[in-house]
Amino acid sequence: MIQPHLALHIPDGFLTPPVILVTWLLAIGLIAIALNRVQADYKERAVPLMGVCGAFIFAAQMINFPIPGGTSGHLLGGTLAGVLLGPWAGSLVMAAVFIVQSVLFQDGGLSALGANITNMGLVGTFCGYYLYKAIRFALGRDNWRGMLAGTAVAAWTSVFIAAMLTAVQLALSETAPLGVAISALAFWHVLIGIGEAIITVIAVSFVWRSRPDLFFDPPRRAYSSASRSYTTR
Amino acid sequence: MSSNMSPESASHRLRQRNRAFVIAGLGTALLIAIFLSPFASSDPDGLDRVAQDHKFDNKAAEDAPARKLPFYSVFEEYAVRGVPEQIATPIAGLIGTLATFGLAWGIGKLVVRNSGSPTDDSDYPNPPRE
């Protein structure tokens, strides 16, 4: 028996038309900005990494890990995409993941796709990226510890914020009372966020060791030895 | 070491390393999707659990719009229809991973400027935005 894989994927029916409309506008607006920034700032070299990042996040999202208490969680991947590709290309990759999930596999509603892209893709990626960047640059841009701390904290926080945003949307749709939605979603996603942090740190550490020049903000040594970045900044 | 190399061979080497990274990354994703997916927990996940606990799971649309798409005749959630249960989810994982790889790559290819030129590895910045 195959169980539905919801995670934070909102199905059709949970959100009311006004909430759907606003979340679609947010998603489309941010995607339009991201398209512009990617067009202006990224080079050809970034394109294969976008494909790999999307493939990995899709695959990892299929692997639900158990949470004590009879629940499960899985990677959302916004922070992972943001750390490797930056917030712009990262959010486009996340949108691609959610489109494939909802169109091919009925995971997350089509009408709720705007909300899912907003919550997990855009907010997850942007919050994740900027929090990671602030922590990493504060602790030392070029050292491994800064990367590690920034990635772990950002991954956990991005899941928590995505869950809170989902709670607010459920409450605005009168699907669940605000207090109930916030406390219940917070309770589980405090734990799911730990899984997110562990998986994101493993994946990011692997790239840091093997190809640090691929980071959106590469450590400076890797940057000068490879002498080529995939952005024009 | 790299300073002894001509620019051509350095850029050739970088392209090879990039190709190796793509193969390793996509390979890892496919291995996860094919071989780990059957071990995924089937417990309800975060939102699903909350919906059950607080009795709003029945609000999920029974006849979701995605089920009207032609893909629904091929996939029932993350399982391929009409094949033995053991391989239904791994095949869905394989197809989904490749589809996402293709879509994310395709979006990048369409959007990134100079996508047409295969030798775009120059150190020169792209032309300024208009």
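Quick note on labels: first sequence line is chain A, next is B, and so on, each numbered from 1.
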Using a cut-off of under 4.5 Å for heavy-atom pairs, which of A:Phe56, A:Trp188, A:Phe105 has the most such pairs with chain B?
-> A:Phe105
Return the option, out of A:Leu214, A:Val93, A:Thr175, A:Val180, with the maximum number of heavy-atom pairs under 4.5 Å with chain B.
-> A:Thr175
By a 4.5 Å heavy-atom criterion (distance strictly below it), what part of A:Leu104 contacts chain B: side chain, backbone, both, or neither?
-> both
Heavy atoms only: give me the nearest B:Ala29-A:Ala59 pair and the separation to one decimal.
-> O-CB, 3.2 Å
Of the backbone (N, CA, C, O) and the side chain (C-beta and beyond), which part of B:Ala24 lies under 4.5 Å from a heavy atom of chain A, both, or neither?
-> neither
Name the orientation class of the two ring planes belonging to A:Phe14 and B:Phe56 (parallel below 30°, tilted from 30 to 60°, perpendicular beyond 60°).
-> perpendicular
Distance, nearest 0.5 Å, that separates CG of B:Asp45 from CD1 of A:Ile192 | 6.5 Å
Per-residue contact mode, A:Thr71 against chain B (heavy atom under 4.5 angstrom) = both
Which region of A:Phe65, side chain (C-beta onward) or backbone (N, CA, C, O), has a non-hydrogen atom less than 4.5 Å from a non-hydrogen atom of chain B, or is it both or neither?
-> backbone
Given that the side chain runs from C-beta out, which part of A:Ile57 has a heavy atom under 4.5 Å from chain B: side chain, backbone, both or neither?
-> neither
Where does A:Leu185 contact chain B at under 4.5 Å (heavy atoms): side chain, backbone, both or neither?
-> both
Look at the side chain of A:Gln101 and the backbone N and O of B:Gly96, then say whether any donor-acceptor pair between them is shorter than 3.5 Å.
-> no
With a 4.5 angstrom heavy-atom cut-off, which part of B:Leu26 approaches chain A: side chain, backbone, both or neither?
-> both
